Amino acid sequence: MNTESLHRWDHEFVWHPFAPMQAFREENAPIIESAEGFHLYDTDGNRYLDGISSLWCNVHGHRVPEIDEAICKQLDRVSHSTLLGLSHPPSIELARELVARVPKGLTKVFYSDSGATAVEVALKMAFQYHCQKKKNAAKRDLFVRLADAYHGDTIGAMSLGGIDLFHKVYGQLLFPTLTLPAPVTYRLPDSHTAESYLQFCDDELERVLRAEHQRIAAFIIEPLVQGAAGILVHPPGYLKRVRELTKELDIPLIADEVAVGFGRTGTLFACEQEHVVPDIMCLAKGLTGGYLPLAATLATDEIYDAFLGEPHEGRTFYHGHTFTGNPLGCAAALASLKLFDEHKLLETIAANGQRLRRNLAPLDEHPHVGEVRRKGIMVGIELVANRETKEPFAPPLRMGHQVTLAARKRGVIIRPLGDVVVLMPAPAMDGDAIDELCAVAIEAIDEAVSHLSQRERSTAKQAGEGRERR
Ligand SMILES: *Cc1c(COP(=O)(O)O)cnc(C)c1O
């Protein structure tokens with residue numbers, strides 16, 4: 001199969017996720033055939049640096065011998081057997097290893113297969129917990145979330161999300177939630193300074209939780225960084241404040257660590273940085289080192305115990321997917337965790353974070369960069385038409401996408417969130433590759449901007465010519 005026919009069949013048969021298909025079909029995006037380390041190779045033999053960790057999940061690189069071997073060994077035993085009514089060694093071992101590493105108090109592991117399902121599991125667990133817990137067992141059906149939250153694309157997870165571009169069209173299908181302002185200060189309501197706005201967020205948090213706590217089933221949060229919203233970094237102390245209040249008011253806290261988990265923010269889990277132990281924690285993306293679809297929802301004994309009882313009492317958690325806790329995925333995850341320790345990956349992450357900061361410092365002066373946001377090795381570079389007024393580019397310009405195309409020509413794969421250029425290097429990426437990623441990102445931004453001014457010039461000229469003709 002040559003590249004040309006693959007492109008033809010891709011356009012004919014494949015509907016890509018999150019893709020405006022009409023424009024996408026005209027682009028002939030690279031068809032990735034193989035990978036090695038931090039590079040991807042397409043069917044024409046072009047080599048690309050994987051600047052987004054294959055959408056935020058790859059950890060140690062591609063074709064890592066230890067992970068490949070662990071999967072092959074498991075393949076020799078069994079590639080899938082169910083956790084419904086049976087068990088298998090990799091799921092047991094992995095649960096034990098996870099409990100040893102997550103914040104102390106999370107003791108039970110419920111598997112599924114993606115971030116969205118990990119969140120669905122969490123919200124059903126929290127809801128049913130209140131129906132069945134012993135003390136003051138009142139039904140609670142309200143979930144609290146932050147503005148612009150993202151927790152996945154299934155109906156329940158979307159209900160907890162708040163990104164209009166993705167979710168608005170489904171509004172009627174989603175259940176209502178309580179939305180709190182997110183503590184981010186790049187664009188402020190007129191009446192506020194950064195300081196007064198953060199105070200307002202804290203006050204709202206406290207006001208809403210105190211007023212509504214008896215109806216609140218759980219508070220869900222992306223700890224430290226709201227990823228899909230554009231790598232929005234919360235100020236230190238916010239997560240801790242959320243935990244203090246939810247603890248005081250007896251509201252379960254769900255930490256969605258799907259994006260931030262496995263080292264991305266500098267610690268193995270983001271919650272650690274504020275010494276927070278959530279009641280429920282969702283893991284996915286990096287869990288298997290980014291190899292296979294596997295997710296986990298962890299819970300405390302307090303939550304778990306509410307589901308105990310005689311089978312006929314009906315306290316069972318009736319949830320499970322066919323491929324829940326797939327043994328190949330668990331084997332990959334076990335190998336990945338081992339590499340975290342053996343390669344002292346948190347040290348590499350710390351060094352990579354500093355390297356990203358140094359390399360991207362020149363963008364702090366760039367006329368079309370509004371803000372460079374970074375936590376650990378998660379980076380969001382917000383492009384704007386005007387740095388001073390923070391005026392965004394017109395959406396049809398697709399500036400973030402133009403940067404992606406310019407980077408691709410230079411052999412680097414990145415993918416934006418609107419006009420936020422996201423750099424999401426694998427935690428284990430080597431320093432030279434980090435340098436290349438940053439250099440290309442800066443060049444690509446410059447190229448996209450220079451094309452823009454040409455376009456603007458030509459539109460202005462056309463407008464002028466139009467006037468002359470009239
Ligand atoms: C990606 C993501 C999800 C959804 O994970 P999928 O595996 O894509 O379903 C959920 N929550 C957060 C915070 C994410 O970044």
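Since the structure is predicted, the reported quantities are computational estimates derived from the model, not experimental observations. Counting convention: from 1, in listed order, for ligands and their atoms alike.
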Find all atoms of ligand 1 within a distance of less than 4.0 Å from any non-hydrogen atom belonging to [X], and give their numbers and elements.
X    : answer
A116 : 4 (C), 5 (O), 6 (P), 9 (O)
A259 : 15 (O)
G152 : 4 (C), 10 (C)
H151 : 10 (C), 11 (N)
S114 : 7 (O), 9 (O)

Does A284 approach ligand 1 within less than 4.0 angstrom via side chain, backbone, both or neither, non-hydrogen atoms only? neither

Report yes if the distance between the aromatic ring centroids of [X] and [Y] is under 6.0 Å, otherwise no.
X    : Y    : value
F143 : F219 : no
F307 : Y129 : no
F323 : H321 : no
H11  : F24  : no

Would you check whether V119 has a nitrogen or oxygen atom less than 3.5 angstrom from a nitrogen or oxygen atom of ligand 1? no

Give me the residue, atom name and distance of the protein heavy atom closest to [atom].
atom                    : result
atom 13 (C) of ligand 1 : D256 OD2, 3.3 Å
atom 15 (O) of ligand 1 : K285 NZ, 2.6 Å
atom 5 (O) of ligand 1  : G115 CA, 3.1 Å

Would a search of protein heavy atoms around atom 8 (O) of ligand 1 find one under 4.0 Å away?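 Within 4.0 Å of atom 8 (O) of ligand 1, no protein heavy atoms are found.
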
Classify the ring geometry between H319 and F110 as parallel (under 30°), tilted (30 to 60°) or perpendicular (over 60°). perpendicular

Report the relative orientation of the aromatic rings in H60 and H343; use parallel for angles under 30°, tilted for 30 to 60°, perpendicular for over 60°.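 Rings of H60 and H343: perpendicular, as their planes differ by over 60°.
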
What do the steps show when you test F393 against H368 for ring-ring contact (aromatic ring centres under 6.0 Å, His included), and what is the final call? CA-CA 9 Å; F393 281 114; H368 291 290; 5.4 Å; yes

Sole residue of E244, E248, R243 in side chain to side chain donor-acceptor pair (under 3.5 Å) with T246: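 Answer to the side chain to side chain donor-acceptor pair (under 3.5 Å) test with T246 among E244, E248, R243: R243.
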
